[in-house]
Amino acid sequence: MMKEWATVISWQDGIATLRCETQAGCSSCHSRSGCGARVLNELGPQTEHNLLVNIAERLEPGQKVELGITEGSLLRSAFLVYMTPLVGVILGGGLLQWMTQGDLYSVLGAVAGGIVGFVAARALAARLENQAGYQPVILQIGLPPDAFRFQHDNGRLPS
């Protein structure tokens with residue numbers, strides 16, 4: 001099971017809106033300022049993701065929850081997203097190369113095959129997105145942000 005912590009943005013009628021921040025690179029060291037993987041990750045368009053998760057228990061904004069998704073469904077999703085357009089590129093380019101023996105047509109076939117593969121991946125993903133195995137589940141719920149109170153006792157130590 002792949003696990004990730006998320007922050008509750010809101011909870012209404014059994015649906016929690018959660019914010020997950022992407023982790024840069026492998027997260028195995030503390031050299032975040034000099035890590036090339038972190039720099040490349042920050043160049044991307046989005047560093048945080050919002051998602052909706054069904055949960056009957058009331059959650060407070062700012063509360064932390066641990067989400068989980070099975071490795072199998074994650075790998076199948078990645079395979080679908082990356083391999084379907086790639087197979088389309090290879091088949092489209094190869095088919096037009098075989099039919100026309102022209103390089104320009106094989107490039108056009110590869111582009112068309114990639115587009116068809118991308119559209120097919122989107123259609124398959126839309127069919128899979130509501131299946132329970134492809135939905136994240138809440139594994140643990142942290143305490144609400146206001147659960148702890150700190151009282152300063154004027155510097156006196158207990159006796």
Please confirm whether the backbone N or O of Met1 pairs with a side-chain atom of Glu71, one donor and one acceptor, at under 3.5 Å?
yes

Can you give me every donor-acceptor pair (side chain of residues 73-93, partner residue at least two apart or in another chain, under 3.5 Å) with its distance?
unit_1	atom_1	unit_2	atom_2	d
Ser73	OG	Thr70	O	3.0
Ser73	OG	Thr70	OG1	2.9
Ser73	OG	Gly133	O	3.0
Arg76	NE	Tyr134	OH	3.0
Arg76	NH1	Gly72	O	3.4
Ser77	OG	Ser73	O	2.9
Thr84	OG1	Leu80	O	2.8

Could you list the residues that satisfy salt bridge (Lys or Arg N to Asp or Glu O under 4.0 Å) with Glu60, not counting sequence neighbours?
Arg58

Residues which pass salt bridge (Lys or Arg N to Asp or Glu O under 4.0 Å) with Arg122, listed by chain and number, not counting sequence neighbours:
none

Any chance you could lay out the side-chain contact (heavy atoms from CB on, under 4.5 Å) test for Glu57 and Trp11, step after step, and finish with the verdict?
CA-CA 9 Å; Glu57 184 175 338; Trp11 181 91; over 6 Å; no

Residues Thr17, Val8; criterion side-chain contact (heavy atoms from CB on, under 4.5 Å); working and verdict
CA-CA 6 Å; Thr17 304; Val8 176; over 6 Å; no

[atom1] of [X] to [atom2] of [Y]: how many Å apart, nearest 0.5 Å?
X      : Y      : atom1 : atom2 : value
Ile9   : Leu51  : CD1   : CG    : 8.5 Å
Leu67  : Gln140 : CG    : CD    : 11.0 Å
Lys64  : Leu59  : NZ    : CG    : 13.0 Å
Leu104 : Gln97  : CG    : CD    : 11.0 Å
Leu95  : Thr100 : CG    : OG1   : 9.0 Å
Leu139 : Ile69  : CG    : CD1   : 11.0 Å

Any idea which heavy atoms bring Gln135 and Gln131 closest together, and the distance?
CG-O, 3.4 Å

Quick one, Ile55 with Ile141, criterion side-chain contact (heavy atoms from CB on, under 4.5 Å). Give me CA distance, side-chain angles, the key distance, then yes/no.
CA-CA 11 Å; Ile55 182 167; Ile141 300 173; 3.7 Å; yes

For Gln101, I'd like to know if atom CD has over 12 heavy atoms of other residues, nucleotides or ligands within 6.0 Å.
yes

